[in-house]
Participant: 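Have a look at the structure that comes next, please.
Basis for what follows: all heavy atoms, side chains included, without hydrogens, waters or symmetry-related copies.
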Amino acid sequence: MTVKILSIGLRGLEGYRVQVEVQEVPGIAAMVIVGLPDASVKEAKERVLASLYAFGCDFFDKRLVVHLSPPERKKHSPMFDLAMAIGILKAMGKLTAPVSPDAAFLGSLSLDGAIQPVDGMLPAILAAKKLGFQKVYLPYDPALPLHHLKDLDCIFVQTLEEAVQYLQGQRVLSLPPAFRTPEIIDSPRKHHRDFQSIIGHHQAKRALEIAAAGGHNVLMVGPPGCGKSLLAETFPTILPSLTHDAQLEVISLYQLAGEKIESGHPPFRHPHHSASSVSLIGGGTHPRVRQF
């Protein structure tokens with residue numbers, strides 16, 4: 001019998017549905033992961049088997065094939081660990097309760113069965129909402145502004161045992177207090193320099209005000225020392241606060257880069273004038289946000 005559990009994969013900020021298929025086949029005992037997994041996904045077999053052993057299940061005498069569909073897309077991140085573990089338990093008959101097709105499972109497993117958050121959790125949750133999922137099983141992370149996702153039931157599980165108990169209806173988990181926060185607390189802007197403190201540059205300041213009001217791009221050209229960097233550095237002080245959707249998009253981008261950001265205000269990046277295009281947008285197969 002083939003068991004199918006759903007999760008979310010990421011291509012940058014774009015999320016897509018990943019179907020984790022698990023089946024026991026005859027052959028030498030092993031756990032094989034197929035579907036273009038990268039190194040972090042291939043290593044999941046050791047994490048998953050160890051967490052299942054800590055849970056009290058020993059599958060070292062079985063040959064398990066785990067297929068991550070769609071097979072033509074490269075799979076990144078250990079975010080599929082929880083879905084793999086649930087699929088194996090379901091395939092081996094250790095989990096008898098049905099798993100809803102509207103539920104997605106996100107999170108990495110430690111060797112003792114604890115479920116841990118990974119980079120890119122927020123864009124994966126937003127993708128689950130867009131794809132029509134009704135429930136998401138995930139580890140709790142206070143950095144996630146999940147109170148904006150009103151149409152998505154986020155079920156927080158700390159261990160694999162908690163996830164199984166919840167699926168079997170044996171335990172009702174309470175939401176953490178931070179999840180009930182009605183909205184993001186808008187912290188005051190922290191800028192060393194303010195746009196209104198700049199003396200002169202009337203035409204440039206007028207152009208920046210129009211750009212801020214209309215959401216236009218600006219290209220400033222001039223000799224060194226004429227004030228381009230100063231104007232750019234103070235430009236965020238006249239920008240309006242980010243909308244909730246824009247906040248989630250900015251936080252998602254920074255989470256993918258492994259950085260933290262205070263939500264509520266447009267971020268400001270200050271690369272060196274000699275920075276190359278590769279250093280700005282990132283190099284390699286999967287570009288990452290650079291920290292300046």
Participant: Is there a donor-acceptor contact under 3.5 Å from the side chain of Arg63 to the main chain of Ala30?
Facilitator: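 Answer holds: no.
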
Participant: Write down the atom of Ala232, the atom of Pro236, and the distance for their closest heavy-atom approach.
Facilitator: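 Distance-wise, the nearest heavy atoms are O-CD, 3.4 Å.
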
Participant: Are there more than 12 heavy atoms of other residues, nucleotides or ligands under 6.0 Å from atom CD of Glu72?
Facilitator: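 Atom CD in Glu72 is crowded, with more than 12 foreign heavy atoms closer than 6.0 Å.
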
Participant: Please say yes or no: joined through hydrophobic side-chain contacts below 4.5 Å, possibly via intermediate residues, are Ile210 and Phe195 part of one cluster?
Facilitator: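 No, no single cluster joins them.
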
Participant: From Phe268 CZ over to Thr237 OG1, what is the distance, rounded to the nearest 0.5 angstrom?
Facilitator: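 Phe268 CZ to Thr237 OG1: 10.5 Å, rounded to 0.5 Å.
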
Participant: Ignoring hydrogens, what is the shortest heavy-atom contact between Pro70 and Arg17? Give both atom names and the distance.
Facilitator: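 Looking at all heavy atoms of both residues, the shortest contact is CD-O, 3.5 Å.
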
Participant: Supply the atom-to-atom distance Leu68 CG to Leu36 CG, rounded to the nearest 0.5 angstrom.
Facilitator: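 Leu68 atom CG to Leu36 atom CG measures 9.5 Å (nearest 0.5 Å).
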
Participant: Between Glu21 and Gln19, do the side chains contain a donor N or O and an acceptor N or O under 3.5 Å apart?
Facilitator: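 Distance-only check passes for Gln19 and Glu21.
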
Participant: For Ala85 and Leu109, work out which heavy atoms get closest and say how close.
Facilitator: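 Nearest pair, atom of Ala85 first, then Leu109: CB-CD1, 3.6 Å.
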
Participant: Looking at CD1 of Ile115 and OG1 of Thr159, how far apart are the two atoms once the value is rounded to the nearest 0.5 Å?
Facilitator: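 One gets 6.0 Å once the value is rounded to the nearest 0.5 Å.
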
Participant: Do Leu49 and Val65 sit in one hydrophobic cluster, given that two such residues count as connected whenever their side-chain heavy atoms are within less than 4.5 Å of each other, even indirectly?
Facilitator: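 No, separate clusters.
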
Participant: With side-chain contact (heavy atoms from CB on, under 4.5 Å) as the test, pick out the partner of Lys94 among Ile88, Leu52, Leu89, Val164.
Facilitator: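 Of all the options given, the one that passes is Leu89.
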
Participant: Check the pair Val22, Met92 against side chain to side chain contact (heavy atoms under 4.5 Å, CB included), reporting the backbone distance first and the verdict last.
Facilitator: CA-CA 10 Å; Val22 181; Met92 297 294 101; over 6 Å; no

Participant: Look at the side-chain heavy atoms of Ile, Leu, Val, Met, Phe, Trp and Tyr, link any pair under 4.5 Å apart, and say whether Val218 and Leu230 land in one connected group.
Facilitator: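 Yes, Val218 connects to Leu230 through the hydrophobic network.
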
Participant: Does Glu233 offer a backbone N or O that forms a donor-acceptor pair with the side chain of Arg193 under 3.5 Å?
Facilitator: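 Side chain of Arg193 to backbone of Glu233: no pair is present.
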
Participant: Any chain of hydrophobic side-chain contacts (each under 4.5 Å) joining Val20 to Tyr16?
Facilitator: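 Val20 and Tyr16: one cluster.
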
Participant: Side chains of Gln116 and Pro139, heavy atoms from C-beta outward: is any pair under 4.5 Å?
Facilitator: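 They are not in side-chain contact.
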
Participant: Can Leu231 and Met220 be said to form a side chain to side chain contact (heavy atoms under 4.5 Å, CB included), step by step?
Facilitator: CA-CA 9 Å; Leu231 289 168; Met220 292 184 287; 4.1 Å; yes

Participant: Got a second to check how far Lys75's NZ is from Leu10's CG, nearest 0.5 Å?
Facilitator: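 Spacing of NZ (Lys75) from CG (Leu10) equals 12.0 Å.
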
Participant: Evaluate whether atom NE2 of His202 has more than 12 neighbouring non-hydrogen atoms of other residues, nucleotides or ligands under 6.0 angstrom away.
Facilitator: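 Check fails, neighbour count at 12 or below.
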
Participant: Do any pairs count as a ring pair (Phe, Tyr, Trp, His ring centres under 6.0 Å) and have a residue in residues 90-112, sequence neighbours left out, and if so which ones?
Facilitator: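 Listed once each, the pairs are Phe105-Tyr137.
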
Participant: Looking only at side chains, do Thr2 and Gln23 share a donor and an acceptor under 3.5 Å apart?
Facilitator: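 On atom types as modelled, these side chains qualify, holding a pair under 3.5 Å.
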
Participant: Can you find a heavy atom in the side chain of Ile33 that is under 4.5 Å from one in the side chain of Met84?
Facilitator: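 Contact flag for Ile33/Met84 side chains = yes.
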
Participant: Apply side chain to side chain donor-acceptor pair (under 3.5 Å) to His67 and Ser69, showing your working.
Facilitator: CA-CA 6 Å; His67 176 219; Ser69 179; 5.0 Å; no

Participant: Could you state the interatomic distance from CG (Leu82) to OG (Ser7), rounded to the nearest 0.5 Å?
Facilitator: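 Between atom CG of Leu82 and atom OG of Ser7 there are 8.0 Å.
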
Participant: Using modelled atom types only, decide if a donor and an acceptor are shared between the side chain of Lys228 and the backbone of Leu219 within a distance under 3.5 Å.
Facilitator: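 Such a contact is absent between Lys228 side chain and Leu219 backbone.
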
Participant: Measure across Gly120 and Met79 and return the closest heavy-atom pair with its distance rounded to 0.1 Å.
Facilitator: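 Heavy atoms only, the tightest pair is O-CE, 3.7 Å.
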
Participant: So, the side chain of Lys90 versus the backbone of Ile5: is there a donor-acceptor pair under 3.5 Å, distance only?
Facilitator: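 It does not hold such a pair.
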
Participant: Is Phe55 reachable from Leu111 through a run of I, L, V, M, F, W or Y residues, each pair having side-chain heavy atoms under 4.5 Å apart?
Facilitator: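 Different clusters.
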
Participant: Do you know which two heavy atoms are closest between Leu13 and Pro123, and how far apart they sit?
Facilitator: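 In this case the closest contact between Leu13 and Pro123 is CD2-CB, 4.2 Å.
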
Participant: Check the pair Gln134, Asp153 against side chain to side chain contact (heavy atoms under 4.5 Å, CB included), reporting the backbone distance first and the verdict last.
Facilitator: CA-CA 6 Å; Gln134 301 297 321; Asp153 187 9; over 6 Å; no

Participant: Using side chain to side chain contact (heavy atoms under 4.5 Å, CB included), reason through Phe59 and Glu24 one step at a time and then give a plain yes or no.
Facilitator: CA-CA 10 Å; Phe59 299 127; Glu24 180 186 359; over 6 Å; no

Participant: Counting heavy atoms not belonging to Arg11, are there more than 12 under 6.0 Å from its CZ?
Facilitator: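 Count not over threshold, so no.
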
Participant: Pair Thr243, Asp245 - check side chain to side chain donor-acceptor pair (under 3.5 Å), show working.
Facilitator: CA-CA 5 Å; Thr243 63; Asp245 291 340; 5.5 Å; no

Participant: Does CG in Asp61 sit with more than 12 non-hydrogen atoms of other residues, nucleotides or ligands closer than 6.0 Å?
Facilitator: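 Atom CG in Asp61 is crowded, with more than 12 foreign heavy atoms closer than 6.0 Å.
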
Participant: Working to the nearest 0.5 Å, report the span between CD1 of Ile86 and CG of Leu6.
Facilitator: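 Going from CD1 on Ile86 over to CG on Leu6, the span is 12.5 Å.
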
Participant: How about Tyr53: does its OH atom have over 12 heavy atoms from other parts shown lying under 6.0 Å from it?
Facilitator: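 12 or below, so no.
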
Participant: Give every residue pair that meets the salt bridge (charged side-chain N to carboxylate O under 4.0 Å, His left out) criterion with at least one member in residues 43-52, sequence neighbours excluded.
Facilitator: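 Qualifying pairs: Arg47-Asp81.
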
Participant: Between Ser40 and Asp38, do the side chains contain a donor N or O and an acceptor N or O under 3.5 Å apart?
Facilitator: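 Yes, a side-chain donor-acceptor pair sits under 3.5 Å.
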
Participant: If I compare all heavy atoms of Asp112 with all of Ala114, which pair ends up nearest, and what's the gap?
Facilitator: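 For Asp112 versus Ala114, the nearest heavy atoms are OD1-N, 3.2 Å.
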
